[in-house]
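Here is how names work: the chains are called A, B, and so on, in the same order as the sequence lines, proteins then strands, and each is numbered from 1.
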There are 2 protein chains.
Amino acid sequence: MTDEKPPAAGAGDCDAITAPLCGGARQILDAARRLFAEHSYEGVSVHDIAAAAGVSKANVFHHFTSKEALYLTTLREAALQTAAEVESLVAGPGDHAGKLRALAGLILDKMLQDPQQTRLLLRELLEHGTERGRELAQQVFERNFQAEVSLFRQAQHCGAFRGDVDPVIGWLAMIAANMTFFLCRDVLRHNPDFNYADKPEAFLSAVCDVLLHGLAAPASAAPGRSREPVS
Amino acid sequence: MTDEKPPAAGAGDCDAITAPLCGGARQILDAARRLFAEHSYEGVSVHDIAAAAGVSKANVFHHFTSKEALYLTTLREAALQTAAEVESLVAGPGDHAGKLRALAGLILDKMLQDPQQTRLLLRELLEHGTERGRELAQQVFERNFQAEVSLFRQAQHCGAFRGDVDPVIGWLAMIAANMTFFLCRDVLRHNPDFNYADKPEAFLSAVCDVLLHGLAAPASAAPGRSREPVS
DNA sequence: AGAATCGCCGACCGGCCGGTCAGTAAGCCG
DNA sequence: CGGCTTACTGACCGGCCGGTCGGCGATTCT
């Protein structure tokens, strides 16, 4: 079912992303994206969006058929991404341990580069109260999954990764650490033991080390007092 | 600032959890908890809660000073948990690898055992749009953190875990996998490659194996075609 | 020059929101 | 028995919600 306005002759219809948007519609979308990302669909009113965009509420409805149509447009824009960079990385040269580090870095960079986009899509995935936007976010998630997990499969196939571990588990552990860093960063910032809130690279380096080599001490390590971790 | 009703002589005041709640208040709280967990604070009206509890809206306000007070009461109840089980596990006997598996299992069991409680608290941590309830959830998070990370520190101290890895990283990788399983389970259920949606034990077993031993193939493994993973 | 179109908006709509008021019935106490 | 307290509710409140209507000025087209 479509909520989009049937396009009038010459009039911009902004629900579907087709023609370049006129200035007003762009402002509205940018404001909507910012507010929906921060406060969720229910936490934002059209009045809020209009005020943030510097236009009237009626103008919002001039460009978009409904609040929900506006929201779905912000999600469609957020979902306009490809897995091309991941695919290039996977297909490129390099050892698999290095590729894993690069992949984890790429994913977290993208998340931190556009937190609004990340938040919009993650919220749709994690909040299962409604179906709204869920399909869009799920398409992105699945597209990324295929590209990302192929690295784990390739590494296993080449013998670089263990053959007795499901590549999907490796993928999930990697993506879980990234998501948790992104989502919990502000909470963890208050934790004096968590020194990585402003050091995503250090965080990923440490996580990838654990994912590759595990926590268990090598069997050859002498029992007894361990060395203190490097800080 | 407190929104709670000053307690009238003999009258139940349900905002603060003190005296046992009368039947009506209990029904309201149970309905509130279910609806807030599923739809968030903004996505639920007092009308919805009253209807689900089988009482009038005015009765909700008879027992609770405001919608927000009701919400905070559901969060306080959700936050009434201790880290005693984790502390017992950490202090008990057993090798650390086994303890890690047991800890991860305990955490995921508790999440799956009361998904509403989990969702209420996680939402407060992950959605940073408001401060409401954030402090309550953060207290729970930090209390659990201290208990959980102590296992990683203990394992490292005993030489069972590597000395060159920050125990907080190990902890985060473990908790991240648990959170992601809990939050993304329904999304991942649609993924034919993810065989664990209904097998949390198998999932955790595989994740703990990776956390302990890593993904990298042992150096002694013959290069070339890897064995297929056991399905 | 006049008509048509476009981008925009103030005023307004009905409905829902959180919350209050004034009241009822039942139970308890002196 | 009368007064008080408690648990509860229908009706109602002002404000905000999503959304519409009728109109304006500028621009474009014939």
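Within the nucleic acid shown, Val55(B) comes within 4.0 Å of sugar-phosphate atoms alone, with no base atom in reach, counting heavy atoms only.
Screening Gln27(B), Arg34(B), Arg26(B) against Asp30(B) for a side-chain hydrogen bond (donor to acceptor under 3.5 Å, both in side chains) leaves a single residue, Arg26(B). Of the residues listed (Leu120(A), Ile49(A), Val44(A)), the one engaging Tyr71(A) in a side chain to side chain contact (heavy atoms under 4.5 Å, CB included) is Leu120(A), and it is the only one. The side-chain hydrogen bond (donor to acceptor under 3.5 Å, both in side chains) test with Arg33(A) is passed by exactly one of Thr73(A), Asp114(A), Thr74(A): Asp114(A).
Under a cut-off of 6.0 angstrom, the local environment of CD in Gln146(B) is crowded, with over 12 non-hydrogen atoms contributed by other residues, nucleotides or ligands.
Going from atom CZ of Arg26(B) over to atom P of dA7(D) covers 15 Å, rounded to whole Å. Atom-to-atom, NE2 of His62(A) to C1' of dA26(D) comes out at 14 Å; the value is rounded to the nearest Å.
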Inset, instruction - Evaluate salt bridge (Lys or Arg N to Asp or Glu O under 4.0 Å) for Arg134(A) paired with Asp186(B), printing each intermediate quantity in order. - result: CA-CA 11 Å; Arg134(A) 167 60 68 89; Asp186(B) 291 335; over 6 Å; no
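Within the structure, every side-chain polar atom (N or O) of Asn59(B) is placed at least 4.0 Å from both OP1 and OP2 of dA7(D). An OP1 or OP2 oxygen of dC6(C) is reached within less than 4.0 angstrom by no side-chain nitrogen or oxygen of His63(A).
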Inset, instruction - Sugar-phosphate atoms are those with a prime plus P, OP1 and OP2; base atoms are the rest. Using that split, label each nucleotide of nucleotides 14-20 of chain D B, S or - for protein heavy atoms under 4.0 Å, 5' to 3'. - result: ---SBBB
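Using a 4.5 Å cut-off on side-chain heavy atoms (C-beta onward), Tyr196(A) and Leu188(A) make no contact.
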